[in-house]
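Here is the structure we will look at, set down as structure tokens.
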Amino acid sequence: MPELPEVETTRRGILPYCQQQTISEVTIRNRQLRWPIARSLPSQLRHQRIDDIQRRAKYLLFITKAGTLILHLGMSGSLRVSNKDEAIQKHDHVELMLSNGKILRLNDPRRFGSLHWTRQAAEKHKLIRTLGPEPLDDQFTAEHLYATSRNRRVAIKNFIMNSHIVVGVGNIYASESLYLAGINPGRPAGRVSLQRYEKLVNAIKETLRAAIESGGSTLNDFIKPDGQPGYFQHHFRVYGKTGLPCEQCGQPISQVTLGQRSTFYCKTCQR
DNA sequence: CAAAGGTCCTGCTCGC
DNA sequence: TGCGAGCAGGACCTTT
């Protein structure tokens, strides 16, 4: 479920409740997430103070003096801040009790999320080390995409969804960005010019920035950390719009499968 | 039965 | 033939 804007919205939402709070207790109700949660995790987290929560790609990094908790929400995960008297819900797998009396709860029906503890700097962790640049950083440029895509035949949509190339471009924003840039999602990445990569980089940055500003777009069950439903109806131009008229040319939006993911585009406007 | 917002891992293919 | 990089598909799950 969460794309980068939702993860960033989550980070901003929970930070005021977590920052400088000490974790007094950790409850693991179901350890079978994407990878089994380490048995040692509760004892490593207990008594640690959360100095900050940062984000790298779609990972949330809970920074403490002793180490960092690396959390991923997977496809269907969400975090919410509860009071002690609020009952747990179905699929609440992990709870962090905080010194201010709040409880941070991880809910994840599909259990594709993950939790890792590292004593090193998070950047050195296996899951983080090999990641490409942040899309909103200045290091993410057209030159970077152009240089790394030479001689590559993979579809451009799969290319920009590859976290080793650039992080944080999920299935929705890949389609949306390619539409804005006028690039056919199936085009081989190695056959996109530098000029068109300029348009694409701008489109990715604009799309993500706008979504973060809007508080994250959501489709089904994204719950904001304070418990408010995050049903922000984002205006998608092509995602989920199969058969509806293209805003630019009026032709029906097409749907294809690329890399086993639904892909939406305009056959006329995107080449 | 199909599809849903993620992404790591495995094994195959391709070109040097 | 061997090797590494690139690539497709599978895997992990529940809900609608």
Side-chain angles (χ1 to χ4, degrees), chain A residues 1-11 29-37 55-60 70-79 89-94 106-116 125-132 135 145 147-177 185-191 204 207-208 211-212 214-224 229-236 238-242 255-264:
Chain A
M1 156 175 94
E3 288 233 20
L4 184 138
E6 282 78 10
V7 178
E8 179 59 24
T9 299
T10 297
R11 188 189 73 79
R29 297 208 145 76
N30 187 344
R31 43 191 299 104
Q32 302 304 319
L33 301 191
R34 176 160 188 200
W35 294 286
I37 298 171
R55 180 187 58 74
R56 175 73 173 99
K58 293 172 189 166
Y59 294 97
L60 288 173
I70 303 172
L71 182 152
H72 200 290
L73 296 172
M75 200 88 123
S76 58
S78 61
L79 289 169
Q89 297 177 11
K90 197 175 182 183
H91 308 302
D92 279 349
H93 304 312
V94 177
L106 170 67
N107 187 282
D108 186 4
R110 291 180 72 180
R111 289 189 275 123
F112 290 169
S114 65
L115 292 163
H116 289 88
H125 191 272
K126 181 181 156 189
L127 292 171
I128 311 280
R129 207 171 39 205
T130 57
L131 294 175
L145 286 187
T148 50
S149 65
R150 291 311 85 190
N151 298 322
R152 294 183 66 160
R153 293 159 297 179
V154 69
I156 180 71
K157 174 164 178 269
N158 298 334
F159 184 68
I160 60 173
M161 288 179 70
N162 179 343
S163 64
H164 300 297
I165 304 301
V166 57
V167 302
V169 181
N171 198 42
I172 294 177
Y173 295 108
S175 280
E176 292 294 309
S177 302
R187 171 175 285 272
R191 294 189 42 217
I204 290 171
T207 314
L208 292 177
I212 290 170
S214 313
S217 57
T218 54
L219 298 181
N220 294 325
D221 53 350
F222 182 67
I223 305 294
K224 278 189 180 173
Y231 289 147
F232 180 85
Q233 273 304 14
H234 193 81
H235 176 233
F236 296 128
V238 288
Y239 186 85
K241 302 270 181 199
T242 312
Q255 177 174 355
V256 294
T257 299
L258 282 179
Q260 306 178 106
R261 311 298 298 278
S262 293
T263 304
F264 304 88

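The shown structure was predicted, so the numbers you read here are calculated from the model rather than taken from an experiment. Just so we're on the same page: letters track the sequence lines, and every chain starts at 1. Because only heavy atoms are used, hydrogens play no part in the values below, and waters and symmetry mates are left out as well, while side chains stay in.
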* When the distance from CZ of A:R55 to P of B:dG6 is rounded to whole Å, what number comes out? -> 14 Å
* To do: Mind calculating the distance between CG (A:L71) and P (B:dG6) to the nearest angstrom?
  => 16 Å
* By a strict heavy-atom criterion of less than 4.0 Å, which residues belonging to residues 148-155 of chain A are in contact with DNA chain C? -> A:R152, A:R153, A:V154
* Structure fact -> By salt bridge (Lys or Arg N to Asp or Glu O under 4.0 Å), A:R29 pairs with (sequence neighbours left out) A:E95
* Structure fact -> Dot-bracket assigned to DNA chain C with the 3.5 Å Watson-Crick/G-U criterion, [ ] for crossing and | for other-strand pairs, is .|||||||||||.|||
* Asked: For A:H116 and B:dC8, what is the distance between atoms NE2 and C1' respectively, to the nearest whole Å?
  -> 11 Å
* **Test item: A:D108 side-chain N/O and A:G74 main-chain N/O as donor-acceptor pair under 3.5 Å** => no
* Main-chain N/O of A:A174 paired to A:S177 side chain as donor or acceptor, under 3.5 Å -> no
* To do: Show your reasoning for whether side chain to side chain contact (heavy atoms under 4.5 Å, CB included) applies to A:L79 and A:L73.
  => CA-CA 8 Å; A:L79 289 169; A:L73 296 172; 4.1 Å; yes
Got a list of protein N/O to nucleotides 9-11 of chain B N/O distances below 3.5 Å?
from: B:dC9; atom 1: OP1; to: A:K126; atom 2: NZ; distance (Å): 3.2

* Within the pair A:Y59 and B:dC8, is there a side-chain N or O less than 4.0 Å away from OP1 or OP2? -> yes
* To do: Sequence neighbours left out, what passes side-chain hydrogen bond (donor to acceptor under 3.5 Å, both in side chains) with A:R56? Give chain and number order.
  => A:E123, A:E134
* Partners passing ring-ring contact (aromatic ring centres under 6.0 Å, His included) against A:F264 (at least two apart in sequence or in another chain) -> A:Y239
For residues 155-169 of chain A, which side-chain N or O atoms pair as donor and acceptor with protein atoms under 3.5 Å away, sequence neighbours left out?
from: A:K157; atom 1: NZ; to: A:N171; atom 2: OD1; distance (Å): 2.7
from: A:K157; atom 1: NZ; to: A:T263; atom 2: OG1; distance (Å): 2.9
from: A:N162; atom 1: OD1; to: A:H164; atom 2: N; distance (Å): 2.8
from: A:H164; atom 1: ND1; to: A:T130; atom 2: O; distance (Å): 3.0

* Determine, step by step, whether A:Y173 and A:L4 satisfy the side chain to side chain contact (heavy atoms under 4.5 Å, CB included) criterion, reporting the C-alpha distance in whole Å, the side-chain angles of both residues, the deciding distance to 0.1 Å, and the verdict. => CA-CA 9 Å; A:Y173 295 108; A:L4 184 138; over 6 Å; no
* To do: Indicate yes or no for a side-chain donor-acceptor contact from A:R110 to the backbone of A:S76 under 3.5 Å, with no hydrogens or angles considered.
  => no
* Take the protein atom CD of A:Q255 and the nucleotide atom C1' of B:dA2, then report the distance between them rounded to whole Å. => 12 Å
* To do: Take atom CG of A:L73 and atom C1' of B:dA4, then tell me their distance rounded to the nearest Å.
  => 16 Å
* Asked: When we call it a touch if two heavy atoms are under 4.0 Å apart, what does A:F159 touch: a base, just sugar-phosphate, or nothing?
  -> nothing
* With sequence neighbours excluded, tell me which residues meet side-chain hydrogen bond (donor to acceptor under 3.5 Å, both in side chains) with A:T242. => A:Q255
* Asked: Residues in side-chain hydrogen bond (donor to acceptor under 3.5 Å, both in side chains) with A:S149, at least two apart?
  -> A:Y197
* Take A:L33 and A:L106 through the side chain to side chain contact (heavy atoms under 4.5 Å, CB included) test and state the conclusion after the steps. => CA-CA 11 Å; A:L33 301 191; A:L106 170 67; 4.0 Å; yes
* Under the ring-ring contact (aromatic ring centres under 6.0 Å, His included) test, which residues partner A:H116, sequence neighbours left out? -> A:W35, A:H125
Restricting both atoms to N or O, compile the protein contacts to nucleotides 13-16 of chain C shorter than 3.5 Å, with distance only.
from: C:dC13; atom 1: O3'; to: A:R111; atom 2: NH2; distance (Å): 2.7
from: C:dC13; atom 1: O2; to: A:R110; atom 2: NE; distance (Å): 3.0
from: C:dT14; atom 1: OP1; to: A:R111; atom 2: NH2; distance (Å): 2.9
from: C:dT14; atom 1: O4'; to: A:P109; atom 2: O; distance (Å): 3.2
from: C:dT14; atom 1: O3'; to: A:H91; atom 2: NE2; distance (Å): 3.3
from: C:dT15; atom 1: OP1; to: A:K90; atom 2: NZ; distance (Å): 3.0
from: C:dT15; atom 1: OP1; to: A:H91; atom 2: NE2; distance (Å): 2.5

* Asked: What integer distance in Å separates A:Q260:CD from C:dC7:P?
  -> 16 Å
* A:L258 CG - C:dG9 C1' separation (whole Å) -> 14 Å
* Counting only side-chain N and O atoms of A:H72, is one of them less than 4.0 Å from OP1 or OP2 of B:dG6? -> no
* Structure fact -> For A:Y59, the ring-ring contact (aromatic ring centres under 6.0 Å, His included) test, sequence neighbours excluded, returns A:H72
* To do: Give the rounded distance in Å between these two atoms: CD1 of A:I70 and C1' of B:dT7.
  => 15 Å
